Colleague: 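First the structure, which I've put down as structure tokens, then a few questions once you've had a look.
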Amino acid sequence: INAEYMGYLFKGYTRMDYNTIGQEFLKVYYGKFDTNRAELGMLYGPNSMLTFEGEPFQGTEKIIEKLTSFNKVSHKVVSVDIQPSDNGSVLCFVCGDLWIDDSANGLKYSEAFHIVPNPLGGYYCLNDIFRLNLSCLLYTSDAADDTPCVDLGGRRTIKKKNIKQ
């Protein structure tokens with residue numbers, strides 16, 4: 001087992017405190033992602049997997065190689081859902097906005113993390129799934145000028161006309 005990965009970050013948290021584990025993990029993850037992505041290696045283990053836009057990357061080295069291949073990125077987390085899972089693990093689902101380089105317009109994204117207990121103590125990210133929400137942009141931009149005709153997903157709705165007989 002690779003002793004360099006994440007265990008020391010969360011040794012003080014109990015398995016029952018899943019919300020704190022998830023919140024602290026996300027704070028560290030996005031803080032390091034936006035400032036020094038090379039340090040994200042401590043959050044993954046040798047058996048971790050990242051699926052980025054449908055493309056899988058297995059193991060810390062390949063994950064960090066992918067994550068450091070981007071230009072400047074900054075995140076704004078908009079919503080977080082955290083659940084406890086089997087054997088003391090934690091699931092985190094994040095929706096937010098990200099900016100590439102210094103672009104004025106952010107992109108919507110979703111990311112899911114499966115955080116598991118480290119055999120050496122603490123926790124690490126076993127699974128990470130990332131997707132840009134590009135389909136939402138298509139719906140939203142198409143319907144933005146017609147607010148009463150947009151459902152919660154940003155899709156244009158069809159109004160039925162009342163036909164008098």
Side-chain angles (χ1 to χ4, degrees), residues 1-137 152-154:
I1 295 173
N2 181 355
E4 295 176 10
Y5 69 102
M6 184 172 161
Y8 73 90
L9 283 177
F10 301 107
K11 282 187 179 176
Y13 298 110
T14 66
R15 290 185 177 202
M16 299 301 289
D17 196 6
Y18 69 90
N19 194 55
T20 301
I21 293 165
Q23 291 291 343
E24 288 297 313
F25 172 83
L26 295 173
K27 183 170 63 174
V28 171
Y29 180 86
Y30 288 117
K32 291 194 178 300
F33 197 108
D34 292 352
T35 58
N36 186 359
R37 276 175 261 147
E39 291 182 6
L40 287 171
M42 74 170 80
L43 301 179
Y44 294 97
N47 58 340
S48 295
M49 178 173 250
L50 164 68
T51 301
F52 187 89
E53 291 291 313
E55 187 177 355
F57 299 89
Q58 180 100 39
T60 306
E61 186 176 313
K62 289 183 180 177
I63 292 170
I64 298 308
E65 183 179 313
K66 177 62 179 175
L67 296 179
T68 55
S69 69
F70 307 113
N71 294 324
K72 180 181 175 187
V73 177
S74 60
H75 294 82
K76 176 185 175 190
V77 173
V78 175
S79 66
V80 174
D81 294 301
I82 300 172
Q83 295 181 349
S85 191
D86 284 345
N87 301 316
S89 65
V90 178
L91 298 174
C92 299
F93 181 72
V94 178
C95 293
D97 302 312
L98 63 84
W99 289 264
I100 299 170
D101 294 326
D102 291 317
S103 64
N105 299 320
L107 297 171
K108 302 289 183 193
Y109 76 94
S110 298
E111 191 161 17
F113 300 95
H114 182 206
I115 305 165
V116 299
N118 180 339
L120 303 174
Y123 292 82
Y124 72 100
C125 181
L126 179 61
N127 304 97
D128 179 354
I129 302 171
F130 176 89
R131 280 280 180 186
L132 288 172
N133 298 333
L134 298 177
S135 62
C136 294
L137 295 174
L152 291 176

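Just so we're clear, the structure is a prediction, and the values are computed from it rather than from any experiment.
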Colleague: First locate atom CD1 of I129, then atom OG of S110, and finally report the distance between them rounded to the nearest 0.5 Å.
Modeller: 11.0 Å

Colleague: Please work out which of the three classes, parallel, tilted or perpendicular, describes the rings of Y30 and H75, given edges at 30° and 60°.
Modeller: tilted

Colleague: Tell me whether N36 at atom CG has more than 12 heavy atoms from other residues, nucleotides or ligands lying less than 6.0 Å away.
Modeller: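 Buried by this count: over 12 neighbours within 6.0 Å.
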
Colleague: Between Y44 and F57 (judged by ring centroids, cut-off 6.0 Å), do the two rings come close enough to count as a pair?
Modeller: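 Judged by ring-centre distance (under 6.0 Å), Y44 and F57 do not meet the cut-off.
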
Colleague: Do S85 side-chain atoms and L91 backbone N/O form a donor-acceptor pair below 3.5 Å?
Modeller: no

Colleague: Evaluate the ring planes of Y29 and F25, with Trp represented by its six-membered ring, and classify them as parallel (under 30°), tilted (30 to 60°) or perpendicular (over 60°).
Modeller: parallel

Colleague: So how far is it from D128 CG to L67 CG, rounded to the nearest 0.5 Å?
Modeller: 7.0 Å

Colleague: Are E65 and K62 within salt-bridge range, i.e. N to O under 4.0 Å?
Modeller: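 Here E65 does not pair with K62 in a salt bridge, since their nearest N and O are not under 4.0 Å apart.
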
Colleague: Would a 4.5 Å heavy-atom cut-off, applied to side chains only, mark N87 and P117 as touching?
Modeller: no

Colleague: Applying side-chain contact (heavy atoms from CB on, under 4.5 Å) to Y109 and V77, what does each step give before you reach the verdict?
Modeller: CA-CA 9 Å; Y109 76 94; V77 173; 3.8 Å; yes

Colleague: Answer whether the closest heavy-atom distance between the side chains of L26 and V80 falls below 4.5 Å.
Modeller: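 The answer is yes; the side chains approach within 4.5 Å.
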
Colleague: Please report the interatomic distance OG1(T60) to CE(M42), rounded to the nearest 0.5 Å.
Modeller: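 The OG1 atom of T60 sits 11.5 Å away from the CE atom of M42.
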
Colleague: Roughly how far apart are L126 CG and L50 CG, rounded to 0.5 Å?
Modeller: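 One gets 12.0 Å once the value is rounded to the nearest 0.5 Å.
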
Colleague: In Å, rounded to the nearest 0.5 Å, how long is the span from CD of E55 to CZ of F130?
Modeller: 13.0 Å

Colleague: Indicate yes or no: at least one non-hydrogen side-chain atom of I82 is less than 4.5 angstrom from one of Y18.
Modeller: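 With C-beta onward as the side chain, the pair touches.
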
Colleague: For atom CD of E61, decide whether the heavy atoms of other residues, nucleotides or ligands shown that lie under 6.0 angstrom number more than 12.
Modeller: no

Colleague: First locate atom CD1 of I115, then atom OH of Y123, and finally report the distance between them rounded to the nearest 0.5 Å.
Modeller: 9.5 Å

